[in-house]
Amino acid sequence: MMSDERSASDGPSTQCVWGGEPDRTSEGATVMPIYHNVTFAYDDLDSWRKVGAGEESGHVYSRNSNPTVEVFEDKMQILEGAEAATSFATGMAAISNTLFTLLSPGDRIVAIKDTYGGTNKILNDVLPRFGIEVALCETDDPDALEDAIEQGCEVLYLESPTNPTLKVVDISRLAEAAHAENGTVVVDNTFATPINQHPLELGADLVVHSATKFLGGHSDAMGGVICGPRDLVDAVFHFREINGASLAPKPASLLTRGLKTLELRVLRHNENAQRIADFLSGHPLVNQVFYPGLSTHPNHDVARRQMSGFGGVLSFTLRGNFESVRHLLNALHRAHRAASLGSVSTLAGPPATTSHVELSPEERAAAGIPESLVRYSAGIENAEDLIADLEQALERVDAFLQTEDA
Ligand SMILES: *Cc1c(COP(=O)(O)O)cnc(C)c1O
């Protein structure tokens, strides 16, 4: 593999293209081949034993490690500026394997309320069954989070920006509070990507990602990854080895290909989301726009301090109720009405069918997610086309609201 020192001083796109790529592949292939095999053979039992015991590098069985998967992990390790990385079949596998490795009965985890829907389910329904105390705090109340941390905190779990209302949490402030209690700080960096935000530099111990989103970037592969210090990553890796939620070689190869254009894509996602947020902010049918790049965002200062770009996802509320959302979404021609985010193509939907499909309407209301909210993941199309599309869709909403008023 490329030497870490050389990769660490490279710019982001050079890291995206060259980081973690092997110096030599079989037949001189310039793209890492897909090693589709389950098992790896040895000429003699001695070297097999040494690789199995971790005394020599190599691979034994693809649930544990695989050369194609390793390139994806090494690229992510370099991009997050971490000592180590390991991968998973999905983002939720990365999150659940991490939490089950770090937590034991009697432990306490402090987290923000606005976590990803699946994570929320683990925090609310699963961890308590294993005797783990879960303290969920208002995402935009750092004082409440600090108070909860002071009452005990084996793990602090954060996400920033959050889903779907793009709240921004002050990672360094909260990491400091958690470290004072000897807590391990985990940050879900899916929305920001390592192009826009480096949680490890801000004091986090572990970064988790759904690679399914921006990292892969094309909505054609699922995966998850964690990055951090060797001891923590190894502990989670050993749990994943037996838990079995391993990333397969084929999606790993797609994710690695996606990563090669990560910086190019994310810079365009950032630009498109900002232009669309600006456009929507001035539109009479739009009540509120949630985007950290807007100076009106309540945590714009924190976002500017800890992020170098504000990401490709925004959300907004419309005049009227869910019927306005239905009319807007049905009229869009340049957005898939689909779950997920971070794809080259624009994806839009209401939280009721996307990020918070796991929650009941009551739970969504309790989580402060309005029924007139639209989540919009700006793709890499041309901003003018996306804005024109939104403009004509908003005209349809206008026509609908006028018949309502009549
Ligand atoms: C999608 C997502 C996840 C879950 O990832 P999967 O790959 O779908 O399992 C976790 N966190 C965030 C912020 C996400 O957007």
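Order of appearance sets the numbers: ligands from 1, and atoms from 1 within every ligand.
- In this structure, atom 11 (N) of ligand 1 lies nearest to the protein heavy atom Asp188 OD2, 2.7 Å.
- With a 4.0 Å heavy-atom cut-off, ligand 1 is reached by no atom of Thr119.
- Side-chain contact annotation: His300 with Ser295, donor-acceptor N/O pair under 3.5 Å absent.
- The option with the heavy atom closest to atom 2 (C) of ligand 1, from among Met92, Lys213, His209, is Lys213.
- Evaluation of the salt bridge (charged side-chain N to carboxylate O under 4.0 Å, His left out) rule for Lys75 yields Glu21 as partners, not counting sequence neighbours.
- Judged purely by atom type and a 3.5 angstrom limit, Gln197 has no side-chain atom pairing as donor or acceptor with the backbone of Ala303.
- Side-chain contact between Val185 and His179 is present, with heavy atoms from C-beta onward closer than 4.5 Å.
- Residues that satisfy the side-chain contact (heavy atoms from CB on, under 4.5 Å) test with Thr296, not counting sequence neighbours, are Leu294.
- Between Thr212 and ligand 1, a contact under 3.5 Å exists for at least one N or O pair.
- Considering backbone and side-chain atoms together, Gly91 places an N or O closer than 3.5 Å to an N or O of ligand 1.
- At the shortest separation from atom 4 (C) of ligand 1 among protein heavy atoms lies Tyr116 CE2, 3.5 Å.
- For ligand 1, the polar-atom distance check against Ile95 finds no nitrogen or oxygen pair separated by under 3.5 Å.
- The pair Asp114-Lys167 counts as a salt bridge, with a side-chain nitrogen and a carboxylate oxygen less than 4.0 angstrom apart.
- Considering only non-hydrogen protein atoms, atom 5 (O) of ligand 1 sits nearest to Ser210 OG, 2.9 Å.
- At least one side-chain heavy atom of Val155 sits less than 4.5 Å from a side-chain heavy atom of Val186.
- Short contacts between ligand 1 and Met222, defined as distances under 4.0 Å to a heavy atom of the residue, involve ligand atoms 7 (O), 8 (O).
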